[in-house]
Every structure is written in C-alpha cells, then in structure tokens.
Participant: 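My questions will all concern the structure given below.
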Amino acid sequence: MTGPLVPFREFVLKVHSRCDLACDHCYVYEHADQSWLTRPKTISDEAISWTARRLAEHATTHALPSVTVILHGGEPLLAGPARLRRVCEELGSALHGIAELDLRIHTNGVQLSPRYLDLFDEFHVRVGISLDGDRAANDRHRRFANGRSSHPMVMRAVELLREERYRHLDLGLLCTVDIHNDPVAVHDALAVLEPPLVDFLLPHATWDDPPPRPDGSPTAYADWLLTVFDRWTEQGRPMPVRMFASVLSSLSGGPSLTESLGLAPTDLVVIETDGKLEQVDSLKSAYEGAAATGFDVFRNTFDEVAAHPGVRARQLGLAGVSETCRRCPVVRSCGGGLYTHRYRSDHGPESLSGGGFDNPSVYCADLAALIRGIEERTAAAIESPAVRSPDELLAAHLDLTRTLLAALHDTLDGRGGALWDDAWRLAATVEADTAGADALDAVLAHPYTRTWLVDALEDVEAGRGLTGPAAERLAATVAAAAVRAGLDLPVPVAYRNGGLHLPTLGTVLLGGPEKRGAAVVRATSGGFVVRREAAPGTELRIAPDEPEGPHWLPMHVLRRAPAPVLLLDDLDPFRDRFDAPATDRLEAEEADAWADRVAEAWSLLADAVPGQAAEAARTITTLTPLFTGVVEPGRHGPGALGVGPVVGAKELALGLLSGFRRVKLRALGEVTDLYALDGTWEHRTPWGSEHVTFSRLLAETFERAGLGLYDPHYLTGVPEALDMIENAAEVTVDGKQLIAAVRKEIAVRS
C-alpha cells in the first residue's frame, strides 16, 4: 500500500478485560472475537511500563505535540484506584517534556465514586459515560448478569460528574442507538443532563450479522437519528452531538469529526491488558482475530503497527473505500461508514463485490439518508449569505481584510516599529469618527490593500519582518482615510523613491527618485497638507481632485456613463500582481481614451446582461492598465481587474464579463468553501474530452454560464456541467447554492 505512514495520536489502553455489566450488544463479549477469555483481567506493571516507553518513543519520532490515551476495558474502573494511579503516573512521567498527555476514560459509570474522580482530577483524566437514554432505553441492553437495572447507578455517576468540583472532567455521554427505543425520549433524557457532548453510536454489525430492522426499512436507523436531529433542533441544540456536527462540518467543506464518518485516515491503536497491540476494537465484531496485528509493546514499536496492512487499509482515504462508495456523492461525508461495518465473509450477500472489507457499509442506505436529511433540513441555515448577495460578499471581504490586518498586527507582536505603532493608534481614532470609519473602510476595501496584507503577513511569518513599502502602508492607509473624511488629524508617514502614495487618492511627489524620509499628512478644508521632517518650515498643499502637477499625481478616475465610476490605478506600488506586467503612469489623454473605451464596452453589457452589469458595477472598483492581454483578475481583493490594450468594444465587454465572473468565483472561494477534496476525482468537461479537477470544472462552468448570457454559444454543455457539479462528491452546501443561482441565470436566457 502506498502513501506515507500516519503516526498514531490516539491510544486505547485496556486496563481491565472484564466487566461488571452483561450488555447483550457489547462487541467485546457478545460478538465474533472471544479473545478476552485468554487475556489477564488487569494490565501488568510490565505492560504499563512498556506502553509508556513506546508512547514516548512514538511521540519523539514524529514530534507529536500531544497524544490522547483512553483508559478502557471491559470496565476500566474494575482495575481499581491503585492500578489506575500507576497508569497515570507512568504515562505522565514518560511523556513529560516530550508531548502533552490527554488522558480520558470510558466507563459504564457503575463503579464511579469520589475516590476515582479525585484521582482523575489529580491527573486531569476526563470521563465519558455510556448511557443509552432514559431508564427504559438503558435497560434494554445495559443490565447486570442477573437482569438487574444499572440505570440508577449510572445516573448517580452522571450526577456526581455534574457537581461543580468535577464538572471540568466531564467528557460527555456515549449512547448506542437502538431503533426500538423512543428517539425523542432518548434525546430528552440525555439533554436534561446537560452533557458537554453526546456521541450516538450505531450498533456494531456486518453484512454477515446485519443490524435488526423490525419493519424491514433500509433507512430505519437514519429515520431514528433524524427524529433525534429534529428534536435536537427544536430544542435549540442543547448540547453538541458529534455525529450531527460531523455531517454539518462535511456539508460545508470541513473535516469529519468522528472515526465512524468521513475519509480521514485512522490514527488509533489498541493496547490490550496482555500488552498485545491491536487495530480498532470494533473489528472484534467481524471475525475472530480481525483486530490482531501479531505485535506487542514488549517487542514492537508503534511504527511497526502503523505499517501493518490492516491499519494501512484504513489510512488510504478515498482509495480505501469500495468502488461503489468512490462513485457516491455523499462519500465525503460518510467516508464509506465505519470500517468494521463493511465486512462480509466470502459467503455473504451476492450483491456485494466480495469478501473482506471492500464493500459499502451495512448501514449504507441509512448513512445516505441521514446525510441528505440533515442537508435538506439545514441548507438554508448553513449557506453563506455571501453566495446569495453581492453586498454580503463585499461585506465578507471587508471583514476578511480587517481580519488579515489584525492578524498582521498580532504577528508583529510589538515589532512593527514606531511608525506602525503610531498608525495603529491613529486608526482607532479615525474609526471612532463616523465619517472616518466609512473612509477607512473605503481604503481597506481597495483591492491592493489585500495584496499588501498577504505579502506582509507572509514576510513576517517567515521571519523577514516588514520592509520597503509594506512597512509604510498602514500609515499611508490611515492618512488616506483621514483625508477622505476631512479629519483634522496629523498622521506621521514615510516616503521612498521620492513619492508618498496614498491609496485610492494618488501620489505626492517629495523629491528625486532616490529621496526618502518622514513626513506628516493632515487634512484641511478641500484637501490636505504634507510637511516633511527634513523641511519643517515648508508645506505642500494638495487638493485630491486637482490636475496632475509637479508635486501631485492624482488617481485617474473614469467617469463615463453607463459605466460605474472606476479608479484607473497606475500608481499603487502593490498593483503589479497580474500575469502581464502593469504599465507605468498614463498621460491624461490616455486615461480619457480608457474612459471612452470602458464606457462603450459597458454600454454593450448593460444592454445585453443588465443584471450582471449592475452586479459588476457594485463589485469592480479598480482597473489597472497592463502592457498585454485582454482582461485578467490578478491576485487581489475582489474589486480589481487588469486590462490590456484591447481595441474592440465587444472584445472588451466579453473580457470585462469574463474577468468579473472569475473575480466573483475566487472571491466566494475566499470566504466560504464551495467544494472540498479538490483533485481527488477527475471530471470530463462537456465541451471537450479533457479530464479536469472539480475546481476547474466549476470555474469554467461558472465563467461560460456568465458569458453565455451575452453570447449564447458559450452555453453549450453548461447544463450538463451543472448536473455533474451538483451530483459530485466534492460540492458543498454553498457550492450547490451557487449552482442553483447559475441555473436561474441561464433559465432567464432560455
């Protein structure tokens, strides 16, 4: 099997192999593997010591910042306080200075008492308790051997853990699903206990030993869980539920949050009471010896276990699921289901592909129905407003820019220098004024602010610090905002190469090309003044809208209806981030010619695609002239397009429309996930024979749909591509929302 070895980060340590309950659904005692009969009841001192040694060795080898150890059984509390103390002490000592130890214990709660919880408090051991719901639900399986109910004792344990002195140790509740139980009653019984987490677990089953389905429904477990989901939602989601959170995460492009769902590789290993190293415990449901590796802590490292074929099979992601699953659109959310639940022997159902684990889950129909049911119920709530509204998209990008600015300030951690510190302080003063806040937003929304922030953050995180124009940009940004708002506020700035660039306004010329120094900018009535420190007695008085002169290069502003008011930015030092090089400063006559060309092209767009022209007018704020090419979006915030020396109005109109569509799609992708696992699958485009990644299929489809509203021949193949995207495994809820919007666009054209 190929792929790098995945280190273990979670270790299940069996400290006792027997149990004080006789649960009839327990995979340890009631299923195919009966190896517990041959194991010592309690883990030995030698096994504890070697486990601790192997943990430290593994954490050191892979530089793991933390490892999680779950004390398990049987019933781990039967090991007694003294043995558990020994385990905690040895593990903590071995990992001290190497990795943080996250200790947990999973218990049925029957034996839990203050003496155990005081011990767990000492060693920071968090406690998870198994509880299947109300008394009727819990008594269905979780009884003593003589049939006596365990529910009162478990409830005492839960209430003890809820006491203020122990509440910080509460890990949550584990609930095994039984569709005979009332799902609403189960939910309410768990919710009233206010657990920090509830983990619903499907009962372990295989194709040879399938789960009970009293009414024969292939989705009985999904129906049960969706009823719980509805009650959970109705009650305001009173506690986190891991299964639901995992599905919601994957629907939005995030990771799975549980081993039983998703494509994340396994990083768990089991250490039995005799020191033997095994795969995930649930495999005991498949067949005798299914979890065995042949390794133990006395002779073998955890790396040897990680290289075991059975472990590697569960680290392959998409390649590790059956062919049926790989073609399924919900596989990114379900991951083929729990590995154990895929098993069938060679004499299993003929409809499956073969023996072993190369099959869909025995809960396949349930998982698909659960995921689709949750999506149907939550799509409207989890969709990003940015997908539905252009104004929300712009607001999200302004928030993103502000977040990047705050991240840069935090990363500098006081190392930005006096100019940065002054500018940061003055930015707060500007923002405290209503007009100042609007002006600061306008400057931050300028697309090349994003370029500056991304470049500067990369430099600081790489240890290079702020240098050149990046070091001076915040001061220039604050000065530009103060000038735009007319605030009588002196803002210290720095200039280089003889020029002080104020973003969105223009460049003040303060000397020859080699000239650099410090100055102060202050707004005045109708403009601003610049006072250089090297010439304290002299000031330059500038009116931003005055023509170009010996000391002032104003930003060209294109004002030709029906085109929107656009900046023609040939000055910003951060503008040159296009495939083609940006031009130098244009003459006034050239800028006027640009205004005429853009207005003519925009007139064509306004006539042919008025909706898109109106949205582009709200989105595109800045054009940067390029030496070559037609129109390209560059690598900036969403408001910039680079435009080459285009001649024809139709060519420019198509270029502007194409550039706008690409800018919009990239802008959406920066504030929400439209897809996940890009590159995992390949898709053939309907307009050619080429196989491409999902991101490229989406980009080409989105652009062609927009162009097709202007020129119908671009719509060829678009409906088929939309179907492919909508049914692809990569697409998220927001991606589907975008596709729905595109369908509406082209329906209007049809």
Side-chain angles (χ1 to χ4, degrees), residues 1-15 43 46-72 76 84 86-106 120 122-128 168-169 171-172 197 199 242 246 249 254-272 275-283 291 293 295-317 320 335 339 461:
M1 294 183 183
T2 60
L5 182 145
V6 177
F8 296 115
R9 290 176 172 81
E10 192 167 305
F11 303 81
V12 175
L13 179 60
K14 300 295 192 74
V15 295
I43 191 169
E46 185 182 15
I48 295 170
S49 296
W50 274 100
T51 298
R53 188 180 307 178
R54 295 300 188 195
L55 277 173
E57 175 185 71
H58 196 66
T60 300
T61 299
H62 297 284
L64 301 179
S66 65
V67 295
T68 298
V69 177
I70 302 170
L71 307 181
H72 213 279
L84 292 174
R86 176 69 180 270
V87 170
C88 295
E89 287 177 341
E90 290 230 22
L91 298 184
S93 176
L95 287 166
H96 182 70
I98 297 175
E100 182 181 347
L101 175 60
D102 175 11
L103 271 173
R104 306 178 181 191
I105 189 166
H106 287 175
F120 297 156
E122 180 181 348
F123 290 97
H124 312 291
V125 183
R126 292 185 290 165
V127 183
H168 63 288
L169 301 176
L171 192 60
L197 179 70
D199 218 349
R242 192 196 306 272
S246 183
S249 172
S256 165
L257 305 177
T258 172
E259 182 198 9
S260 61
L261 298 171
L263 293 168
T266 181
D267 59 358
L268 179 148
V269 65
V270 178
I271 305 102
E272 290 285 355
K276 285 190 168 59
L277 296 169
E278 296 202 336
Q279 301 175 61
V280 62
D281 234 19
S282 61
L283 284 171
T293 65
F295 300 128
D296 59 59
V297 294
F298 312 110
R299 298 172 300 160
N300 305 103
T301 67
F302 285 123
D303 274 10
E304 290 178 84
V305 186
H308 184 277
V311 175
R312 296 285 278 165
R314 292 165 48 240
Q315 296 177 340
L316 296 177
Y339 190 73
E461 288 177 340

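These values consider heavy atoms only, across backbone and side chains, with no hydrogens, waters or symmetry-generated copies.
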Participant: To the nearest 0.5 angstrom, please state how far the SG atom of Cys88 sits from the CD1 atom of Ile105.
Facilitator: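 Here the interatomic distance stands at 8.0 Å.
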Participant: Using atom types as modelled and distance alone, determine if a side-chain donor or acceptor of Glu89 lies under 3.5 Å from a backbone N or O of Arg86.
Facilitator: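 Checking the backbone N and O of Arg86 against the side chain of Glu89, no donor-acceptor pair under 3.5 Å is found.
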Participant: Please report the closest heavy-atom contact between Ala306 and Val311, naming both atoms and the distance.
Facilitator: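 Taking Ala306 first and Val311 second, the nearest heavy atoms are O-CG1, 3.9 Å.
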Participant: Calculate, to the nearest 0.5 Å, the distance between atoms CD and CZ belonging to Glu90 and Arg53 respectively.
Facilitator: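 Answer for the CD-CZ pair, Glu90 versus Arg53, is 9.5 Å.
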Participant: Going by heavy atoms in the side chains, are Leu169 and Val125 under 4.5 Å from each other?
Facilitator: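 The answer is no; the side chains never approach within 4.5 Å.
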Participant: Between atom CD of Glu278 and atom CD of Glu272, what is the distance when rounded to the nearest 0.5 Å?
Facilitator: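 The CD atom of Glu278 sits 4.5 Å away from the CD atom of Glu272.
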Participant: Would you say Thr293's side chain and Leu277's backbone share a donor-acceptor pair under 3.5 angstrom?
Facilitator: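 Yes, the answer is positive, given that a donor and an acceptor are paired below the 3.5 Å cut-off.
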Participant: I need the minimum non-hydrogen distance between Leu95 and Ala56, along with the two atoms involved.
Facilitator: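 Taking Leu95 first and Ala56 second, the nearest heavy atoms are CD2-CA, 3.8 Å.
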Participant: Could you tell me whether a side-chain N or O of Thr51 sits under 3.5 Å from a main-chain N or O of Ala47, the two making a donor and an acceptor?
Facilitator: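 Yes, because the side chain of Thr51 sits within donor-acceptor range (under 3.5 Å) of the backbone of Ala47.
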Participant: Measure the spacing between CD1 of Ile271 and CH2 of Trp50 and express it to the nearest 0.5 Å.
Facilitator: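 The CD1 atom of Ile271 sits 14.0 Å away from the CH2 atom of Trp50.
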Participant: Hey, does Val67 have a side-chain heavy atom less than 4.5 Å from the side chain of Leu101?
Facilitator: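 Result yes, sub-4.5 Å side-chain heavy-atom pair found.
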Participant: Taking the six-membered ring for Trp, is the centroid-to-centroid distance between Phe302 and Phe295 below 6.0 Å?
Facilitator: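 Between Phe302 and Phe295, the centre distance exceeds or equals 6.0 Å.
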Participant: Of all residues at least two apart in sequence or in a different chain, which pass the side chain to side chain donor-acceptor pair (under 3.5 Å) check with Glu57?
Facilitator: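 Side chain to side chain donor-acceptor pair (under 3.5 Å) list for Glu57, sorted by chain: Arg54.
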Participant: Quick one: does any side-chain atom of Asp296 pair with a main-chain N or O of Arg299 as donor and acceptor, under 3.5 Å?
Facilitator: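 Such a contact is found between Asp296 side chain and Arg299 backbone.
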Participant: Any side-chain heavy-atom pair from Asp303 and His62 closer than 4.5 angstrom?
Facilitator: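 Heavy-atom side-chain distance check passes, below 4.5 Å.
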Participant: Kindly give the heavy-atom pair with the smallest separation between Leu197 and Leu171, and that separation in Å.
Facilitator: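 Reported closest heavy-atom pair: CB-O, 3.8 Å.
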Participant: Just jot down the salt bridge (charged side-chain N to carboxylate O under 4.0 Å, His left out) partners of Glu10, sequence neighbours excluded, or say none.
Facilitator: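 Residues passing salt bridge (charged side-chain N to carboxylate O under 4.0 Å, His left out) with Glu10: none at all.
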Participant: Which residues satisfy the salt bridge (charged side-chain N to carboxylate O under 4.0 Å, His left out) test with Asp102, sequence neighbours excluded?
Facilitator: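 With neighbours one apart ignored, the set is Arg104, Arg126.
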Participant: Looking only at heavy atoms, what is the nearest atom pair of Leu268 and Val280, with distance?
Facilitator: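 What the structure gives for the nearest pair is CD2-CA, 4.0 Å.
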Participant: Where do Pro255 and Ser249 come nearest, in terms of heavy atoms and distance?
Facilitator: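 Distance-wise, the nearest heavy atoms are O-OG, 2.7 Å.
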Participant: With rounding to the nearest 0.5 Å, note down the distance linking NE2 in His308 to CG in Asn300.
Facilitator: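 Answer for the NE2-CG pair, His308 versus Asn300, is 10.5 Å.
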Participant: Answer whether the closest heavy-atom distance between the side chains of Leu64 and Arg9 falls below 4.5 Å.
Facilitator: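 Of all side-chain heavy-atom pairs linking Arg9 with Leu64, at least one is under 4.5 Å.
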Participant: Quick check: do Val15 and His72 have side-chain heavy atoms less than 4.5 Å from each other?
Facilitator: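 Sidechains of His72 and Val15: no contact.
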Participant: State plainly whether the residues Arg242 and Asp199 are in salt-bridge range, i.e. N to O under 4.0 Å.
Facilitator: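 Between Asp199 and Arg242 there is a salt bridge, with a charged N closer than 4.0 Å to a carboxylate O.
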Participant: Supply the atom-to-atom distance Leu55 CG to Phe11 CZ, rounded to the nearest 0.5 angstrom.
Facilitator: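 Interatomic distance, Leu55 CG to Phe11 CZ, rounded to 0.5 Å: 5.0 Å.
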Participant: Would the number of heavy atoms belonging to other residues, nucleotides or ligands and lying under 6.0 Å from NE2 of His168 be above 12?
Facilitator: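 Result for NE2/His168: enclosed.
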Participant: Would you find a donor on one side and an acceptor on the other, under 3.5 Å apart, between the side chain of His58 and the backbone of Phe8?
Facilitator: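 Between the backbone of Phe8 and the side chain of His58 there is a qualifying donor-acceptor contact (under 3.5 Å).
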Participant: To check you understand the geometry: which heavy-atom pair defines the closest contact between Pro76 and His106, and what is its length?
Facilitator: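 Heavy atoms of Pro76 and His106 come nearest at CG-O, 3.1 Å.
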